[in-house]
Amino acid sequence: MKTMGFVFLLLAFFAIGVVQGQLRVGFYSNTCPDAESIVSSVVRNAAQSISNIPPVLLRLHFHDCFVEGCDGSILIENGPKAERHAFGHQGVGGFEVIEQAKAQLEATCPGVVSCADIVALAARDAIALANGPSYEVPTGRRDGRVSDVSLAANMPDVSDSIQQLKAKFLQKGLSEKDLVLLSAAHTIGTTACFFMTKRLYKFSPAGGSDPAITPDFLPQLQSICPQNGDVNVRLPMDRGSERTFDKQILDNIRNGFAVLESDARLYDDETTRMVVDSYFGILTPIFGPSFESDFVDSIVKMGQIGVKTGSKGEIRRVCTAFN
């Protein structure tokens, strides 16, 4: 009996450890019950003064998760070798919003809420501000203790082939469907002409533009991003719907109006093309699939890449520095 009792206690101990080691919705309900509302308030206030905050925060979440997992490593600022200075993170922002939320949380619940969770929550709130779907974010991430520019060398790139994109997502446990849906996050926000030069003028060794761009759309893009022009000029990534989170970007991809080369490549591959088309079937409004619901599944899945829980990592006092 004593042996059986010991085994039962041992199993119970491991069961508790497993539960504690997982993310869960409402992780801070007892330790910091206002955590999510504080983050939401900071994001909402930031969006009132900076109109592009929603896509900026959404992109920050993606870039954080793709290097060392969703652990806030991109937030660290400890010199030129910090991860945030990687070439693949060019244009990533929103750091000040995360820091503002962290400061308020530390004043309310010191040492409780991780920077990694703030990033995930802020992305959720950003999507809602752009009229996208509302969803619950599993929390309980802890902050990483590593930030190295070299670790971001293999970020997905706008000039990657569809095979490269699929491989990079697969390495993170993400499927072809996830690739399509997370790329559709480009439905809000802008990109710089810097990322358009190859597609518009140097697509092949002989020069020229990407033939996937519909002929009527090409001169529009070239007028915004002329050859040898200002590479910092910005243009919407979703033609006709850059401020609203919706599936318009997938329709643009289907019809040759993709802005980014990587988005256009989604229609080159049979598997990803079928995913794109699935949201535009005659019976889709009745029987599905639902773009919004599927996107939520993918971003929640992405938010669990390489998370540190339990005793791993730390809870930073400020998001830009290790404790």
Side chain to side chain contact (heavy atoms under 4.5 Å, CB included) evaluation trace for R84 with T320: CA-CA 10 Å; R84 70 158 68 183; T320 54; 3.8 Å; yes
Donor-acceptor contact present, side-chain S114 to main-chain R141, <3.5 Å: yes
Close side-chain approach of Q248 to R239, heavy-atom, < 4.5 Å: no
Flag, side chain of E99 to backbone of C319, donor-acceptor distance under 3.5 Å: yes
Check: R316 and L75 side chains under 4.5 Å, non-hydrogen atoms: yes
Interatomic distance, Q100 atom CD to N45 atom CG [nearest 0.5 angstrom]: 8.5 Å
Backbone N/O of G26 and side chain of S29: donor-acceptor pair under 3.5 Å: yes
Least distance between heavy atoms, F245 atom then I188 atom: N-CG2, 3.8 Å
Hphob cluster co-occupancy, I299 + V56, side-chain heavy atoms under 4.5 angstrom: no
H186 (side chain) donor-acceptor with S183 (main chain) under 3.5 angstrom: yes
I127 and L58: CA distance, side-chain angles, deciding distance, side chain to side chain contact (heavy atoms under 4.5 Å, CB included) verdict: CA-CA 7 Å; I127 291 167; L58 180 52; 3.8 Å; yes
Main-chain N/O of R317 paired with N323 side-chain donor or acceptor, under 3.5 Å: yes
D64 side-chain N/O to C70 backbone N/O, donor-acceptor pair under 3.5 Å: no
Side-chain donor-acceptor pair present, D148, S150, cut-off under 3.5 Å: yes
In one Ile/Leu/Val/Met/Phe/Trp/Tyr side-chain cluster, 4.5 Å: V43, F95: yes
Inter-residue atom distance Y135.OH - R124.CZ, 0.5 Å rounding: 7.0 Å
Option passing side-chain hydrogen bond (donor to acceptor under 3.5 Å, both in side chains) with S241 (candidates N252, D246, T187, D251): D246
Heavy-atom pair of closest approach, residues P138 and L23: CB-CB, 3.8 Å
Heavy-atom pair with the smallest gap, counting every atom of L181 and S298: CD1-OG, 3.3 Å
Criterion side chain to side chain contact (heavy atoms under 4.5 Å, CB included) on N52 and T190, from CA distance to verdict: CA-CA 8 Å; N52 72 330; T190 61; 5.7 Å; no
same_hphob_cluster(L266, F257) at 4.5 Å side-chain heavy-atom cutoff: no
Atom of S209, atom of L218 and distance for their closest heavy-atom approach: OG-CD2, 3.3 Å
Test log, rule salt bridge (charged side-chain N to carboxylate O under 4.0 Å, His left out), inputs K247 and D294: CA-CA 11 Å; K247 65 180 181 180; D294 285 354; over 6 Å; no
CG on N154 to CG on D160, rounded to 0.5 Å: 8.0 Å
Distance in Å, T244 OG1 paired with I249 CD1, rounded so as to fall on 0.5 Å steps: 12.5 Å
Backbone N/O of S175 and side chain of D178: donor-acceptor pair under 3.5 Å: yes
Check: S278 side chain, V275 main-chain N or O, donor-acceptor pair, under 3.5 Å: yes
Pair S73-E83, side-chain hydrogen bond (donor to acceptor under 3.5 Å, both in side chains): steps then yes or no: CA-CA 7 Å; S73 57; E83 180 199 318; 2.5 Å; yes
Salt-bridge criterion met for R44 and D125 (N-O under 4.0 Å): no
Transitive ILVMFWY side-chain link M237 to L129, under 4.5 Å: no
Smallest separation among heavy atoms of E261 and V158, with atom names: CB-O, 3.3 Å
Residue pair S159, D157: steps toward the side-chain hydrogen bond (donor to acceptor under 3.5 Å, both in side chains) verdict: CA-CA 5 Å; S159 62; D157 187 81; 2.6 Å; yes
pair L60-I98: side-chain heavy atoms closer than 4.5 Å: yes
Note, L235 side chain near T191 side chain (heavy atom, < 4.5 Å): yes
Spacing of CG belonging to D117 relative to CD1 belonging to I315, to within rounding of 0.5 Å: 7.5 Å
Beyond-backbone contact of Q90 with F87, side-chain heavy atoms, under 4.5 angstrom: yes
G310 to R142 - nearest heavy-atom pair and separation: O-CD, 3.0 Å
Under 3.5 Å donor-acceptor, S41 side chain and I38 backbone: no
Check ion pair R199-D263 (N to O, under 4.0 angstrom): no
Parallel, tilted or perpendicular, as decided by the 30° and 60° cut-offs, for the rings of F291 and Y279: perpendicular
Joint hydrophobic cluster, V97 plus V137, side-chain heavy atoms closer than 4.5 Å: yes
Ring-face cation of K168 near F66 (centre distance under 6.0 Å, axis angle within 45°): no
S49 side-chain N/O to A46 backbone N/O, donor-acceptor pair under 3.5 Å: yes
Pairwise side-chain contact, S51 with R243, heavy-atom cut-off 4.5 Å (strictly under): yes
Spacing of I305 atom CD1 and K172 atom NZ [to the nearest 0.5 Å]: 7.0 Å
Test item: Y201 and Q222 side chains (from C-beta on) under 4.5 Å apart, heavy atoms: yes
E314 side chain reached by F322 side chain, heavy atoms, under 4.5 Å: yes
Residue pair V92, F62: steps toward the side chain to side chain contact (heavy atoms under 4.5 Å, CB included) verdict: CA-CA 10 Å; V92 174; F62 176 87; over 6 Å; no
